[in-house]
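In the text below, chain A, chain B and the rest are named by the order of the sequence lines, each starting its count at 1.
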Amino acid sequence: MPKKTAAKPISLATWNINSVRARLPLMKAFLDAHDPDILCLQETKVRDDQFPHELFEQHGYTTRLIRGQPGYNGVAIFSRLPLQLAGKLNLAGRDDCRHIAATLPDGTVLHNYYVPAGGDVPDVTKNDKFAHKLDVLAEMTKWSAALKKKAGREILVGDLNIAPLETDVWSHKKLLDVVSHTPIETEGLLKMMAARGWVDAVRHFVPPAETLFSWWSYRSPDWEAADKGRRLDHVWVSPQLQDSLKSARVAKAMRGLEKASDHAPVIITLDSAG
DNA sequence: ATGGTTGGGATCCAA
């Protein structure tokens with residue numbers, strides 16, 4: 001009997017790039033350093049016919065799935081494994097470019113989301129953007145419950161614009177009234193996780209007692225010293241994939257380079273998802 | 001209590 005050799009784990013990154021056209025040198029630095037097999041982007045802020053895809057092709061990505069609009073939003077998936085487009089959901093009745101999905105070679109479906117930030121005021125009667133965010137959250141919860149019945153293999157990544165745990169923000173108490181960490185959002189996100197049994201792939205490796213951030217505001221002159229961050233970017237896997245998880249990390253160094261995005265990439269590795 | 005920064009595409013909006 002030939003010995004089974006362990007396949008090399010697949011690496012998967014998610015990154016809110018905050019305009020892909022404004023970040024090409026940053027993107028090149030990231031690809032040179034980390035070279036993920038699959039790369040999911042949010043806030044590309046570019047129409048599909050203007051997407052600067054040459055850099056990604058030069059780095060060996062043969063799959064390019066993009067969904068953009070002028071100025072705002074926009075999601076994309078690049079891969080060196082062959083992926084098939086699996087859908088583009090319109091969230092909360094809008095055709096905003098906030099979701100795109102792909103099927104991996106082994107049938108796992110990868111969902112890339114950009115959840116609305118929700119504006120500044122956490123009150124649905126005063127802020128339509130917050131109401132919209134909660135609508136999207138409720139819809140994703142229903143969608144997650146429907147997925148549970150199918151019991152397939154799925155990965156959900158993206159900028160969910162919610163930091164669910166107390167250790168996902170620099171000050172739990174100070175941020176209880178701040179959009180991204182209000183109880184209605186954090187409890188809503190945990191309900192969404194429970195609806196599918198989503199496993200937080202990053203907290204699988206980084207204990208919930210440890211603080212961990214993926215976003216630091218531009219409005220802080222010394223973001224690193226102040227370290228007033230939040231963990232807004234997530235990678236979740238369906239329960240069947242939990243035992244395949246190999247590692248997870250935030251590539252914080254990318255936040256410190258010239259012309260950085262305000263988000264850092266989140267990278268996981270897992271066995272045999274492709 | 002307030003303002004701080006960034007990108008896109010118009011002279012302001014979204015984050």
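Rounded to a whole Å, the NZ atom of A/Lys45 is 12 Å from the P atom of B/dA14. Between A/Arg230 atom CZ and B/dA15 atom P there is a gap of 14 Å when expressed in whole angstrom units. Atom CD of A/Gln42 is separated from atom P of B/dG7 by 18 Å (rounded to the nearest Å). Regarding A/Asn16, its CG atom lies at a distance of 17 Å from the P atom of B/dA14, rounded to whole Å. We find that CG of A/Asp128 is positioned 14 Å from P of B/dC13, with the value rounded to whole Å. Put simply, CH2 on A/Trp223 is 23 Å from P on B/dA15, counting in whole angstrom units. Straight-line distance from the CG atom of A/Asn18 to the P atom of B/dT5: 15 Å, rounded to whole Å.
Proximity of A/Arg23 to the phosphate of B/dT6: no side-chain N or O atom is located under 4.0 Å from OP1 or OP2. Put simply, A/Arg21 has a side-chain N or O that comes within less than 4.0 Å of OP1 or OP2 on B/dG9. Note on A/Arg98: every side-chain N or O is 4.0 Å or more away from OP1 and OP2 of B/dA14. Listed pair A/Lys259 / B/dG7 meets the phosphate criterion, a side-chain N or O lying under 4.0 Å from OP1 or OP2. Between A/Ser19 and B/dG8 there is a side-chain N or O to OP1 or OP2 distance below 4.0 Å.
Without hydrogens or angle criteria, A/Asp96 side chain to A/Arg98 main chain gives no donor-acceptor distance under 3.5 Å.
Positionally, the nearest nucleotide of DNA chain B for A/Ala22 lies more toward the 5' end than for the other of A/Lys129 and A/Ala22.
Taking atom C1' in both B/dT11 and B/dG7, one finds a spacing of 15 Å when rounded to whole Å. When the C1' atom is used for both B/dA15 and B/dG9, the distance is 15 Å, rounded to whole Å. Taking atom C1' on both nucleotides, B/dA14 is separated from B/dA10 by 14 Å, rounded to a whole Å.
Geometrically, A/Arg255 engages A/Trp223 in a cation-pi contact defined by less than 6.0 Å to the ring centre and at most 45° from the axis.
Applying the side chain to side chain contact (heavy atoms under 4.5 Å, CB included) test to A/Asp123 and every residue at least two apart in sequence or in another chain returns A/Val121, A/Thr125, A/Lys126. By the salt bridge (Lys or Arg N to Asp or Glu O under 4.0 Å) test, A/Asp35 pairs with A/Arg80, sequence neighbours left out.
In this structure, of B/dG9, B/dT6, B/dG7, it is B/dT6 that holds the atom nearest to the side chain of A/Tyr218. With B/dA15, B/dG8, B/dG9 as the choices, the nucleotide that has an atom nearest any side-chain atom of A/Pro70 turns out to be B/dG9.
Considering OG of A/Ser144 and CD of A/Glu139, their distance stands at 11.0 Å, rounded to 0.5 Å.
Looking at heavy-atom distances under 4.0 Å, A/Arg47 makes no contact with the nucleic acid at all.
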